[in-house]
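Note on naming: letters A, B, ... go to the chains in the order of the sequence lines (proteins, then strands), and numbering restarts at 1 for each one.
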2 protein chains.
Amino acid sequence: MGVTKTHIFSVQQNDLAQAAKVLAHPARIAILEHISKQEACICNDLVDVIGLAQPTISQHLNEIKKIGLLKGTFEGKNLCYCIDQDRWMELQQAFHDFFSNINRNCC
Amino acid sequence: MGVTKTHIFSVQQNDLAQAAKVLAHPARIAILEHISKQEACICNDLVDVIGLAQPTISQHLNEIKKIGLLKGTFEGKNLCYCIDQDRWMELQQAFHDFFSNINRNCC
DNA sequence: TAGCTTTATCGTAATATTGCAATATAAGAA
DNA sequence: TTCTTATATTGCAATATTACGATAAAGCTA
């Protein structure tokens, strides 16, 4: 066991959970916040800013990329990771909808 | 080594990540959605609706309660779990802020 | 009291996540 | 070509998460 039973939930529920999982680590929050403040972003930069080892940063970037929040473009030997605006707004909307559709109830 | 280095991140970053972690499971999304649709909520109800075993539901409810999103009130032998409106709006704001403070950048 | 119902906790197994050292890859500089 | 720099991948250890059967606790009902 220990494996999430995704099949018993809706696509929307799984998608939102998947997105939340990417945000469920302070390093990835920090990475996204940092990238959003830059004009461009070099990964090596992140190692210093975040304070985790280079392979660890690389893995976190990959998690973020997997749900489409980052676009990476090689600029020579350097890499420019940037936020995908469309996907960003898509997730923003998904979280907004989730938080909005809650009724005032008992207690 | 498998343990998140929370101390190198800000309180805000850790808090948001912690909240996201609770939403990072479709069962907990489903539980919150279901509770929000009810006037009251009995846990036994959730076992049927969600489709996970009773101890598993109980554990998920506990995770949600830990970040203050649920208030539980015993009504005799039954339990009424309800969403804490204040905390809900607090997290809604936190996610809203996070998603809003992203600059348009390169690529 | 004894039995029933509801929820919590314990124990355990399977799997996932986090982190990093070592190493690989790839592209520019000398 | 060799050296350097930047990023990715591999392998592994430590820890966390997910799930559930068994059982406990607590409050009804008869």
Side-chain angles (χ1 to χ4, degrees), chain A residues 1-9 13-14 17-31 34-35 38 40-67 70-82, chain B residues 1-9 13-14 17-31 34-35 38 40-67 70-82:
Chain A
M1 295 126 212
V3 69
T4 301
K5 293 185 162 182
T6 51
H7 61 283
I8 65 175
F9 303 106
Q13 287 166 341
N14 280 309
Q18 206 64 33
K21 193 176 271 186
V22 172
L23 302 183
H25 196 291
R28 293 193 288 264
I29 298 282
I31 287 171
H34 182 72
I35 294 182
Q38 310 306 118
C41 176
I42 293 100
C43 178
N44 187 250
D45 201 42
L46 282 169
V47 176
D48 297 331
V49 175
I50 309 290
L52 289 170
Q54 180 269 324
T56 311
I57 297 288
S58 184
Q59 272 180 112
H60 280 306
L61 283 170
N62 209 256
E63 291 300 310
I64 302 172
K65 204 159 41 165
K66 267 197 266 178
I67 54 155
L70 285 183
K71 293 185 287 191
T73 333
F74 265 105
E75 295 188 346
K77 73 177 170 181
N78 291 330
L79 186 55
C80 174
Y81 265 125
C82 304
Chain B
M1 294 124 198
V3 69
T4 300
K5 293 188 161 180
T6 51
H7 62 281
I8 65 174
F9 304 106
Q13 287 167 341
N14 279 308
Q18 205 64 35
K21 194 175 271 185
V22 172
L23 301 182
H25 195 292
R28 294 194 287 265
I29 298 281
I31 288 171
H34 182 72
I35 294 181
Q38 310 306 119
C41 176
I42 293 98
C43 178
N44 187 250
D45 200 41
L46 282 170
V47 176
D48 298 331
V49 174
I50 309 290
L52 290 170
Q54 179 270 322
T56 311
I57 296 288
S58 186
Q59 273 180 110
H60 280 306
L61 283 170
N62 210 256
E63 291 299 311
I64 302 173
K65 204 160 41 165
K66 268 197 264 177
I67 54 154
L70 286 182
K71 294 185 287 191
T73 334
F74 264 104
E75 294 188 347
K77 73 176 167 180
N78 291 331
L79 185 55
C80 174
Y81 266 126
C82 304

Would you sort out whether B/I64 and B/I35 count as a side-chain contact (heavy atoms from CB on, under 4.5 Å), showing the intermediate values? CA-CA 12 Å; B/I64 302 173; B/I35 294 181; over 6 Å; no
Would you say A/I8 and B/L52 make side-chain contact, with heavy atoms under 4.5 Å? yes
Check the angle between the aromatic planes of B/H25 and B/H60 and answer parallel, tilted or perpendicular using the 30° and 60° thresholds. tilted
Using only side-chain N and O atoms of B/K21, determine if any of them is under 4.0 Å from OP1 or OP2 of D/dA16. no
Return whichever of A/T6 or A/D45 has its heavy-atom-nearest nucleotide of DNA chain D closer to the 5' end. A/D45
Please work out which residues in residues 48-60 of chain A have a non-hydrogen atom less than 4.0 Å from an atom of DNA chain D and list them by number. A/Q54, A/P55, A/S58
Residues A/N14, A/Q18; criterion side-chain contact (heavy atoms from CB on, under 4.5 Å); working and verdict: CA-CA 6 Å; A/N14 280 309; A/Q18 206 64 33; 5.8 Å; no
So, using salt bridge (Lys or Arg N to Asp or Glu O under 4.0 Å) as the criterion, who are the partners of B/K5 when residues are at least two apart? none
To the nearest Å, give me how far apart CZ (A/F9) and C1' (D/dT18) are. 11 Å
Just how far, in rounded Å, is P of C/dC10 from CG of B/N62? 11 Å
Separation of A/Y81 atom OH from D/dA8 atom C1', in whole Å? 9 Å
Please report the closest heavy-atom contact between B/Q13 and A/I29, naming both atoms and the distance. CG-CG2, 3.9 Å
Atom pair distance, as rounded to whole Å: CG in B/N44 and P in C/dT6: 5 Å
Pairs involving residues 42-59 of chain A, ordered by first then second residue, that meet side chain to side chain donor-acceptor pair (under 3.5 Å) (sequence neighbours left out): A/H34-A/D45
Whether B/K5 contacts C/dC20 is assessed here as follows: a side-chain N or O lying under 4.0 Å from the phosphate OP1 or OP2. Is that the case? yes
Atom NE2 of A/H25 to atom P of D/dT15: distance rounded to whole Å? 15 Å
Could you state the CD1-P distance from A/I29 to C/dT18, rounded to the nearest angstrom? 12 Å
To the nearest angstrom, the CD-C1' distance between B/E63 and D/dT17 comes to 8 Å
From CG of B/L61 across to P of D/dT17 the rounded distance in Å is 17 Å
